[in-house]
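The basis for the numbers below is simple: all heavy atoms, side chains too, and nothing from hydrogens, waters or symmetry mates.
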Amino acid sequence: MNTLRITLPLLFAGLVAAAGSAASGGSPRQRVAPEPAVINDAPCDQAVRSYAPGRPVPMPMGMPMATRQQAIAPAAIAPAPAPVAEADAVALSAAAPATPMMAKAQRSMGATGGMVVAIMPAQPVDRENYKHRDANAVHLAANDSVSTFSIDVDTGSYTNVRHMLNEGRLPPADAVRTEEFINYFDYGYAPPGDRSRPFSVTTELAPAPWNTSRQLLMVGIQGYKVPASEIPAANLVFLVDVSGSMNEPDKLPLLKASLKQIVPKLRAQDRVSLVTYAGATCVALPSTPGDQHATITAAIDALGAGGSTNGAAGIDLAYAQAAKGYIKGGVNRVILATDGDFNVGMTGVQALKDRIAEKRKSGVALTTLGFGEGNYNDEMAVELADVGNGSHHYIDSLDEGRRVLVDEMSATLMTIAKDVKIQVEFNPGVVAEYRLIGYEKRVLAREDFNNDAVDAGEIGAGANVTALYEITLKGAPGARIDPLRYGSDTAASKGGELAFLRLRYKDPDGGASKLIEEPLSARVAAEPSERLRFAASVAAFAENLRGGKYVEGFGYDKVATLAQGALGKDDGGYRAGMARLAALAGGMQTEQPVAGAFIR
């Protein structure tokens, strides 16, 4: 009788675990054995998938029951577990602390003398993937006076880190990309007077808040603005990951809710397709006029998760759909929504980048939207967007989904300049040292600036891009690098110029690049403007999260104070939100930052 009391709870627990696995398509944090991939451009209710025996078979929603019954093979019944000796059960129960639910079961069965063995669930495996990049170094202007990089409009790093901080944990340093923190915010730059040039350029030079012996040079680019109603006809293909790893509340359900935000904004001249991928790929919604809102919404609602992740096959099918609906002179874009956990077919980042680089020649851009945690492949999502002439965003809430897809629709969808590069030549007669803050993933060789074959970043309508340099002027006490004993001093030339700024860009349709050039004044403002103070606070926040090597003890409390004093108009409360995150991070750190240790 005692053996029965032990065995039944064990059997019940095993059945519950098996049922949970079947409902979710397997644990999203455990990599499953690869499943045969099927590429199918037929409607999803006609797609055929292959699954291993005993594995749950997720079917597309809306599939007729008869079709489901034909597709699902009889499942083998697992044998009942062998009886467990009472003494062993007692030992197991004492060794493993019970979960609240199991403890409650123990209390309820204690009155009858029954015993429950507490089975601890396996701890989820964190398989998030972030690419390591060393922070940009300090350069001596006398030895290396030229800095070259591509612009970047990604914002995914900031919102991903925001998600982590709101959950009460500090991010890994490699998850923090300073430029994506800075470029999440609007700095109120004046747009160009007309559309003969796609963007305006704003610069400012003022003391750095963490060391007033140094200066911050801000270079801001503001694209011309286009109302959503004036965006050219759009051919959008939403490529949606419906694999088992997406079966979590902050993944597919949030993705679906975010996609539905854009539906009411779609017009008759727009075309929308919906392609899904898991172990197989299929067309959930063929190219449909944008004003058929009910049809589009129903297709989004029907999405369900299950299976492995053949992202490469999904990419091929999505680009094929984009080619079918291609609109000449319009917006043609694939929007990939995923946790990035590709585990079937082509899975290497470089191989996928090569494939996307080839497909972008068709005139179809790629934007990536990241979701979830635990197996989030940040490296994959970021690099595919970069090579696909698009941008990467991480969706941590429905508000963020609406911000990216609706509020900033023009910037997200409509490219106004491509392959935008920035080159700054510092005057060694005025500048002793400089360091580009962020943009590690976008640094270019000097010769790449004039090479139109080298890919660079795109800017969308109404988007703004900001770069910050930390500069030590010649003769100032804040230099980080000691002068050479036998080095020759560089004679001052054009002493009124701090640097010479060059920008190259191409029109959205390509062609030869165009050049913008202008000298930058060496005049230092007595006080930084509100926009520079806030940008500096964001940069210091990100640098602290990366370890604080260059902010010299300017910790989270000072970051929050600086940000609070530069909130400005703050539509949406995004700046105040950043200040709050800095305060949260300060409460989580285990060690206080140490001031920079250089002595003069």
Exercise for the section: Would you please test Lys514 and Asp507 for salt bridge (Lys or Arg N to Asp or Glu O under 4.0 Å) and show each step? Expected result: CA-CA 8 Å; Lys514 300 177 181 180; Asp507 291 331; 3.0 Å; yes
Practice task
Under the side chain to side chain donor-acceptor pair (under 3.5 Å) rule, what do Ser397 and Asp399 come out as? Steps first, then yes or no, please.
Solution key: CA-CA 5 Å; Ser397 65; Asp399 179 70; 4.8 Å; no
Problem - side-chain contact (heavy atoms from CB on, under 4.5 Å) between Val153 and Val465, worked out - result: CA-CA 6 Å; Val153 294; Val465 178; 3.5 Å; yes
Exercise for the section: Could you go through the side chain to side chain donor-acceptor pair (under 3.5 Å) check for Tyr434 and Thr472 one step at a time? Expected result: CA-CA 6 Å; Tyr434 69 88; Thr472 305; over 6 Å; no
Practice task
Step by step, work out the side-chain contact (heavy atoms from CB on, under 4.5 Å) result for Thr415 and Ile459.
Solution key: CA-CA 6 Å; Thr415 299; Ile459 185 170; over 6 Å; no
Exercise for the section: Kindly indicate, with the supporting measurements, whether the criterion salt bridge (Lys or Arg N to Asp or Glu O under 4.0 Å) is fulfilled by Arg214 and Glu433. Expected result: CA-CA 9 Å; Arg214 301 198 195 99; Glu433 300 171 352; 5.2 Å; no
Practice task
Would you sort out whether Asp452 and Ser513 count as a side chain to side chain donor-acceptor pair (under 3.5 Å), showing the intermediate values?
Solution key: CA-CA 7 Å; Asp452 282 359; Ser513 65; 2.8 Å; yes
Exercise for the section: Before giving the answer on salt bridge (Lys or Arg N to Asp or Glu O under 4.0 Å), spell out for Arg502 and Glu425 the whole-Å C-alpha distance, their side-chain angles and the decisive distance to 0.1 Å. Expected result: CA-CA 8 Å; Arg502 300 180 179 92; Glu425 179 187 354; 3.4 Å; yes
Handout entry: Full working for side chain to side chain donor-acceptor pair (under 3.5 Å) between Glu543 and Thr178
Key = CA-CA 7 Å; Glu543 295 291 288; Thr178 303; 2.8 Å; yes
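No side-chain heavy atom of Glu408 sits under 4.5 Å from any side-chain heavy atom of Ser410. Met588 places none of its side-chain heavy atoms less than 4.5 Å from the side chain of Arg169. In this structure, Tyr505 and Lys418 have side chains that are not in contact, with every pair of non-hydrogen atoms separated by 4.5 Å or more. Two residues are said to be in side-chain contact when any heavy atoms from C-beta on lie closer than 4.5 Å; Ile516 and Phe199 meet this criterion. The shortest distance between side-chain heavy atoms of Asn166 and Leu584 falls below 4.5 Å. Looking at Asn160 and Pro171, their side chains never come closer than 4.5 Å, going by heavy atoms from C-beta outward. Using a 4.5 Å heavy-atom cutoff, the side chains of Met164 and Glu373 are not in contact. Using a 4.5 Å heavy-atom threshold, the side chains of Lys474 and Val431 count as separate.
Lys251 and Met246 make their closest contact through CB-O, 3.3 Å (heavy atoms, listed as atom of the first residue, atom of the second, distance). Residue Pro232 comes nearest to Gly330 through the heavy atom pair CB-CA, 4.0 Å, listed as atom of the first residue, atom of the second, then distance. Of all heavy-atom pairs spanning Ala536 and Leu216, the tightest one is CB-CD1, 3.6 Å.
Between Tyr376 and Phe371, the ring center distance fails the sub-6.0 Å criterion.
At distances below 3.5 Å, at least one donor-acceptor pair connects side-chain atoms of Asp270 with backbone N or O atoms of Ala234. Between the side chain of Glu440 and the backbone N or O of Asn136, at least one donor-acceptor pair lies under 3.5 Å. No donor-acceptor pair under 3.5 Å is formed between the side chain of Asn143 and the backbone N or O of Leu140. The backbone N or O of Thr466 lies less than 3.5 Å from a partner atom in the side chain of Asn183, making a donor-acceptor pair. Within the 3.5 Å criterion, the main-chain N or O of Gly462 finds a donor-acceptor partner in the side chain of Gln222. Listed for the Lys421 side chain is a donor-acceptor partner under 3.5 Å among the backbone atoms of Asp448. Side chain of Tyr550 to main chain of Asn544: no donor-acceptor pair is present (N/O by atom type, distance under 3.5 Å, no hydrogens or angles). Side-chain N or O atoms of Glu458 include one that pairs as donor or acceptor with a backbone N or O of Asp419 at under 3.5 Å. Proximity of a side-chain donor or acceptor of Thr159 to a complementary backbone N or O of Gly156 within less than 3.5 Å is detected. Of the possible donor and acceptor atoms, one in the side chain of Asp152 sits under 3.5 Å from a partner among the backbone N and O of Asp154.
Annotation: cation-pi pair Arg435/Tyr469 absent, no NZ/CZ under 6.0 Å from the ring centroid and within 45° of its normal. Cation-pi geometry between Arg403 and Tyr574 is met: under 6.0 angstrom from the ring centre, within 45 degrees of the axis.
Screening Thr367, Asn389, Thr412 against Arg333 for a side chain to side chain donor-acceptor pair (under 3.5 Å) leaves a single residue, Thr367.
Remark: Arg267 does not engage Glu230 in a salt bridge, criterion side-chain N to carboxylate O under 4.0 Å. The residues Glu400 and Arg162 are annotated as salt-bridged, a charged nitrogen and a carboxylate oxygen being separated by less than 4.0 angstrom. We find that Arg546 and Asp174 are not joined by a salt bridge, their nearest charged nitrogen and carboxylate oxygen being 4.0 Å or further apart. Between Asp186 and Arg575 no salt bridge is recorded (no basic side-chain N to carboxylate O distance below 4.0 Å). Between Lys131 and Glu383 a salt bridge is recorded (basic side-chain N to carboxylate O distance below 4.0 Å). A salt bridge does not link Arg442 to Glu179: none of the charged side-chain nitrogens sits closer than 4.0 Å to a carboxylate oxygen. Between Glu517 and Arg504 there is no salt bridge, since no side-chain N of the basic residue sits under 4.0 Å from a carboxylate O of the acidic one.
Summarising the geometry, atom CG belonging to Asn464 is positioned 9.5 Å from atom CD1 belonging to Ile221; distances are rounded to the nearest 0.5 Å. A distance of 8.5 Å separates CD1 of Ile395 from CG of Leu255, quoted to the nearest 0.5 Å. Distance check, rounded to the nearest 0.5 Å: OH of Tyr556 to CG of Leu581 gives 11.0 Å. Of the inter-residue distances, the one linking Thr368 atom OG1 with Leu366 atom CG reads 6.5 Å to the nearest 0.5 angstrom. To the nearest 0.5 Å, atom NE2 of residue His392 and atom OG1 of residue Thr155 are 7.5 Å apart. Note that OG1 of Thr148 is 10.0 Å distant from CG of Leu436, once rounded to the nearest 0.5 Å.
Remark: Lys265 NZ is loosely packed, at most 12 non-hydrogen atoms of other residues, nucleotides or ligands lying under 6.0 Å away. Within 6.0 Å of CZ on Arg133 lie more than 12 heavy atoms contributed by other residues, nucleotides or ligands.
Using the six-membered ring where Trp is involved, Tyr184 and Tyr158 have ring planes that are tilted, between 30° and 60° apart.
Judged as a side-chain hydrogen bond (donor to acceptor under 3.5 Å, both in side chains), and not counting sequence neighbours, Ser157 has no contacts. Under the rule for a ring-ring contact (aromatic ring centres under 6.0 Å, His included), the partners of Tyr439 that lie at least two apart in sequence or sit in another chain are Phe149.
Counting only residues at least two apart or on different chains, the side-chain hydrogen bond (donor to acceptor under 3.5 Å, both in side chains) pairs with a member in residues 519-538 are Glu204-Ser529.
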